[in-house]
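Counting convention: from 1, in listed order, for ligands and their atoms alike.
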Amino acid sequence: MLVLGIETSCDDTGVALYDTDRGLLAHALYSQLGHAAFGGVVPELASRDHIQKLLPLIDTLMTEAGVALDALDGIAYTAGPGLAGALLVGAALGRSLAFGLGIPALGIHHLEGHLLAPQLEARGPDFPFLALLVSGGHTLLADVSGLGRYAILGESRDDAAGEAFDKSAKVLGLGYPGGPAISNAAKHGSSIGISLPRPLTDRPGLDFSFSGLKTALLQASREQPLDDRRRANLACALQEAIVDTLAIKCRRALLASGHQRLVIAGGVGANQLLRQRLAEETEALGVALYYPRPAFCTDNGAMIAYAGGLRLAAGQHGTGGFGIRARWPLTELSPP
Ligand code: KG4
Ligand code: ZN
């Protein structure tokens, strides 16, 4: 089945063509830049930008892949969770296009896309696996036993890991998005003499909490004048604290669950220190580690086309109505 995937849940407009026999044929992404001046995503600006960019992006994708619209067998779009207005743009276009072509349209859960994204790679993970999903909106450890079979083993009680990067970067004046900004600044810094907490690692369980870490960074930023050197040192300490916390919980979850495969997904999964640290942890445990290329860690259309392709090929058909859900628990999903 040849599937067009559409992702518009936040500030990235992503589209892709996935063929269930031939694999990923093409993908394209437009990252909205206008939000940087506001230090975070402005929902209304995001929706308007998706409206302007989505159709031309699909046009370019189809032309470059040499695929005509009538060759499509289905359209998959992100139905949630995310910004309601932004989701509506992808849903409206995806569903109208599908209606016009007489093919099914499927609303995909954004986190299912992230969880399955590593399977787009040449040596991707088979089911079952343990997944660490770390993005701007979510931080969770999930037991993934098959398509639509997800159990949450632990999740953040407050801020997501990506949010901790983003908010701390704002405090340090390093710009948006904060993850890449912090890791770039950290290259020139040292964490020596800066002590930040590793939240919830001193007690049992797999939940996370990053809001206290963000506050600790804010306090540390006020202890000394915030010059470039201090900024780099704080960025380094913050990155180490987040990575350390995530690695401790992954190790704990692997030992408790007995999983032999660990998947890192979501935007924070692009972080090099996190990858390096989890490579060490998994090697010591004899567990295989998988992650998508950095472009498929952050939001993209390929992961939505892929999840849609799996579901359509398994016989799932589109449902009526737009059915976007700004909030949508992952555990409400079921197999096709
Ligand atoms: O998955 P994603 O693109 O969007 C959501 O679904 O939230 O994740 C975006 C998040 C942002 O918080 C961004 O700062 C973070 O991923 N991020 C990173 C890196 N690249 C993106 N965090 C740490 N290191 C990176 N290299
Ligand atoms: Zn995402």
So does [X] have more than 12 non-hydrogen atoms from other groups sitting under 6.0 Å from [atom1]?
X: Arg229; atom1: CZ; value: no
X: Phe99; atom1: CZ; value: no
X: Lys53; atom1: NZ; value: yes
X: Glu283; atom1: CD; value: no

For ligand 1, which atoms have a heavy atom of [X] less than 4.0 angstrom away?
X: Ser135; value: 1 (O), 5 (C), 6 (O), 7 (O), 8 (O)
X: Gly137; value: 7 (O)
X: Ala270; value: 26 (N)
X: His110; value: 6 (O)
X: Gly162; value: 12 (O)
X: His114; value: 1 (O), 6 (O)

- request: With sequence neighbours excluded, tell me which residues meet side-chain contact (heavy atoms from CB on, under 4.5 Å) with Ala181.
  value: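 With sequence neighbours excluded, Ala181 shows a side-chain contact (heavy atoms from CB on, under 4.5 Å) to Leu174, given in chain and number order.
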query: Listed by chain and number, what are the side-chain contact (heavy atoms from CB on, under 4.5 Å) partners of Glu240, not counting sequence neighbours?
result: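 In terms of side-chain contact (heavy atoms from CB on, under 4.5 Å), with neighbours along the sequence ignored, Glu240 is linked to Ser191, Arg198, Cys236, Leu273.
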Qualifying side-chain hydrogen bond (donor to acceptor under 3.5 Å, both in side chains) pairs, either residue in residues 38-47, two or more places apart: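 Listed once each, the pairs are Glu44-Arg48.
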- prompt: Can we say Asp227 and Arg230 salt-bridge, meaning some charged N sits less than 4.0 Å from an Asp/Glu carboxylate O?
  reply: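 Result for this pair is no, no salt bridge flagged.
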- prompt: Which N, O or S atoms belonging to the protein are less than 2.8 Å from the Zn ion (ligand 2)?
  reply: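 Protein N/O/S atoms under 2.8 Å of the Zn ion (ligand 2): His110 NE2, His114 NE2, Asp299 OD1.
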query: In terms of residue, atom name and distance, what is the protein heavy atom nearest to atom 21 (C) of ligand 1?
result: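 I find the closest protein heavy atom is Gly267 O, 3.4 Å.
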- request: Could you check atom 13 (C) of ligand 1 against the protein and tell me its nearest heavy-atom contact, residue, atom and distance included?
  value: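 In this structure, atom 13 (C) of ligand 1 has Asp166 OD1, 3.8 Å as its nearest protein heavy atom.
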task: Assess the side chains of His110 and Asp299: does a donor N or O sit below 3.5 Å from an acceptor N or O?
output: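 Yes.
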